[in-house]
Amino acid sequence: MSTEAAPAAEPVVAPPPAGWEEARSRVYAVGLAAALPATNRSLAEADGHTLVEPLTTRTDLPAFPTSSVDGWAVRGAGPWQVVGRVLAGGAPPPLAEEGSTVEIATGAMVPAGATAILRIEESERTADGRITGTPRPAPEWRLPGEEARAGEELLPAGTPVDPALLGLAASCGHDSLRVRRPPRAALLVFGDELLTSGPPTAGRVRDALGPAVPSWLRRYGCQVRPADVVGPVADTLPAHVAALRQALAGADLICTTGGTMHGPVDHLHPALEALGADYVVNTVAVRPGFPMLLARVTSDDGRVRFVAGLPGNPQSAIVALVSLVAPLLAGLQGRQMPLLPQVTLAESVPGRGDYTHLALVRLDRVAGTAYPVRHVGSAMLRGLARADGFAVIRPGNSGEPGARVPFVPLPLFPGERAS
């Protein structure tokens with residue numbers, strides 16, 4: 001009998017990490033290719049969705065001349081004989097006679113034949129009931145099409161639907177919109193060492209990502225129900241596969257926390273293999289945040305869903321969110337790739353060699369400068385709680401005071417706009 005030892009298992013060889021900017025572009029493209037289907041929604045149901053078609057107006061805005069003040073619509077020179085009243089919502093007859101006037105309310109349709117509007121506070125009545133005064137030189141009414149002409153594009157496809165857009169759509173005559181629904185997301189928390197209540201103790205740490213990640217996802221426009229947050233999932237391969245299968249049945253995106261390495265209890269990669277997933281990005285050259293991944297799962301009916309593997313360290317997980325999840329979600333919703341504004345560094349920020357450095361900063365919005373914050377280790381959240389986002393220090397560079405660098409803002413509530 002041979003006594004030769006069995007050959008050792010070959011070590012797992014990780015692929016070279018993708019560049020940070022390349023990874024963002026790649027995940028946006030696959031998200032856009034798998035954009036959620038279009039549907040019609042009433043204005044009452046469309047908040048938080050995304051326009052599939054440009055918003056155009058069905059009529060001139062305003063559709064007819066409307067008074068911008070309370071006063072008198074007059075024809076010719078005064079004094080004027082009062083012949084009626086016009087309120088908002090009515091269609092007045094023409095002012096046919098020179099020297100005639102009708103009382104008019106703000107927003108009411110200006111009668112044909114009117115040559116001016118005299119403000120009520122700048123008018124007087126004569127003893128015989130006629131109106132006198134001097135109209136202002138500038139017209140006191142809004143002309144048809146002053147805001148927009150019928151058929152004019154007001155907002156492009158890919159615009160998020162918010163309260164301002166809903167009001168504009170209503171004023172244009174729309175009752176419903178062609179939109180993409182918000183993505184549905186789920187979160188799987190991996191790690192037997194995690195506690196879900198109380199303080200850390202006896203070698204076990206509190207799960208910080210289970211409460212935090214769903215709220216970040218909602219700020220990116222996702223729908224996340226409490227039942228969609230699952231964990232801690234047991235540190236076994238069957239438990240990981242089962243949890244992923246269940247989440248994939250109802251979600252467009254599943255985020256996982258932890259397990260992105262290849263250690264003895266890191267089962268995410270084998271679970272993805274068991275599900276037939278293919279990697280869109282497998283590791284990114286960014287610090288903090290290493291390693292992160294995005295995989296794609298295609299079901300038998302052709303439906304594409306995504307799994308974003310976030311590192312277990314809390315700040316690294318948020319870096320993965322802003323790096324991979326944000327551009328993916330923009331693509332799925334048919335929105336534009338998130339553009340990165342520029343900020344001026346008020347203090348130096350170190351580089352990370354061949355890796356992109358996402359450095360937590362707070363903004364001085366008055367001065368337009370960014371200051372690095374403290375407590376920014378991969379496992380720390382204190383700095384994140386005080387920050388406005390991340391300054392981007394590209395590979396091979398360091399951020400010197402006065403340098404202009406890209407800035408990745410932390411997400412706001414859906415519909416909010418940065419100041």
Side-chain angles (χ1 to χ4, degrees), residues 23-42 45-46 48-53 157-158 160-161 176-190 213-214 217-218 220-231 233 236-257 259-260 267-282 292-310 320-321 324-337 414:
R24 291 181 77 243
S25 298
R26 193 187 305 173
V27 298
Y28 174 74
V30 299
L32 194 60
L36 298 171
T39 186
N40 288 319
R41 288 285 185 268
S42 70
E45 301 172 310
H49 291 56
T50 305
L51 290 182
V52 170
E53 302 167 343
V161 178
S176 63
L177 295 170
R178 191 78 171 156
V179 293
R180 300 187 201 279
R181 63 169 172 80
R184 300 185 183 104
L187 173 67
L188 304 180
V189 179
F190 296 153
V213 170
L217 290 171
R218 292 186 188 102
Y220 280 123
C222 287
Q223 294 177 340
V224 189
R225 304 169 304 173
D228 295 324
V229 182
V230 178
V233 176
T236 68
L237 179 56
H240 279 50
V241 172
L244 281 165
R245 283 191 194 279
Q246 183 172 355
L248 286 166
D252 306 297
L253 166 68
I254 297 90
C255 291
T256 65
T257 64
T260 54
H267 301 295
L268 178 57
H269 291 278
L272 292 172
E273 182 180 1
L275 294 168
D278 65 285
Y279 291 102
V280 178
V281 171
N282 187 5
M292 63 180 76
L293 65 87
L294 184 78
R296 174 174 44 199
V297 180
T298 305
S299 60
D300 293 339
D301 63 2
R303 180 185 170 208
V304 177
R305 289 151 296 172
F306 295 91
V307 178
L310 315 181
L321 275 175
L324 298 184
V325 174
L328 173 75
L329 291 173
L332 285 176
Q333 296 173 90
R335 299 181 180 181
Q336 294 295 316
M337 174 73 162

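Residue D301 qualifies as enclosed at atom CG: its count of foreign heavy atoms under 6.0 Å is above 12. Around atom CD of E273, no more than 12 heavy atoms belonging to other residues, nucleotides or ligands sit under 6.0 Å away.
Taking the charged nitrogens against the carboxylate oxygens, D252 and R303 do have a contact shorter than 4.0 Å, which makes a salt bridge.
The two residues G250 and R184 make their nearest non-hydrogen contact at O-CD, 3.8 Å. Closest heavy-atom contact between G31 and L328: CA-CD1, 3.8 Å. Closest approach of A239 and V233 over heavy atoms only: O-CG1, 3.7 Å. The minimum heavy-atom distance linking G221 with P183 is given by the pair O-CD, 3.8 Å. The two residues P327 and V27 come nearest to each other via the heavy atoms CG-CG2, 3.6 Å. In terms of heavy-atom proximity, A308 sits nearest to V325 at CB-CG2, 3.8 Å.
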Under the side-chain contact (heavy atoms from CB on, under 4.5 Å) rule, what do H269 and Y279 come out as? Steps first, then yes or no, please. CA-CA 10 Å; H269 291 278; Y279 291 102; 2.5 Å; yes
side-chain contact (heavy atoms from CB on, under 4.5 Å) between L187 and D228: does it pass, once the steps are laid out? CA-CA 6 Å; L187 173 67; D228 295 324; over 6 Å; no
For the pair L188 and T256, evaluate side-chain contact (heavy atoms from CB on, under 4.5 Å) and give the outcome as yes or no after the intermediate values. CA-CA 5 Å; L188 304 180; T256 65; 4.1 Å; yes
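Between atom CG of residue L293 and atom CG of residue L324 there is a gap of 8.0 Å, rounded to the nearest 0.5 Å. Considering CG of L253 and SG of C222, their distance stands at 6.0 Å, rounded to 0.5 Å. Between the NE2 atom in H267 and the OG1 atom in T236 there is a gap of 6.0 Å [rounded to 0.5 Å]. A distance of 10.0 Å separates CG of L294 from CG of N282, quoted to the nearest 0.5 Å. Put simply, SG on C255 and CG on L217 are 4.5 Å apart, with the number rounded to the nearest 0.5 Å. The structure places CG of L248 at 6.5 Å from CG of L275, a figure rounded to the nearest 0.5 Å.
A distance-only check finds a donor-acceptor pair linking the side chain of R26 to the backbone of V280 [under 3.5 Å]. Side chain of R180 to backbone of L332: no donor-acceptor contact under 3.5 angstrom is found. Within the 3.5 Å criterion, the main-chain N or O of F306 finds no donor-acceptor partner in the side chain of R296. Between the side chain of H49 and the main chain of P160, no donor-acceptor pair closer than 3.5 Å is present.
Using a 4.5 Å cut-off on side-chain heavy atoms (C-beta onward), T50 and V161 make no contact. A 4.5 Å side-chain heavy-atom check between L244 and I254 finds at least one atom pair inside the cut-off.
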Cut-off 3.5 Å, no hydrogens considered: what does the side-chain donor-acceptor table look like for residues 32-41, sequence neighbours left out?
| from | atom 1 | to | atom 2 | distance (Å) |
| --- | --- | --- | --- | --- |
| T39 | OG1 | R41 | NH1 | 3.2 |

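Note on residues 239-250: no pairs pass side chain to side chain donor-acceptor pair (under 3.5 Å), not counting sequence neighbours.
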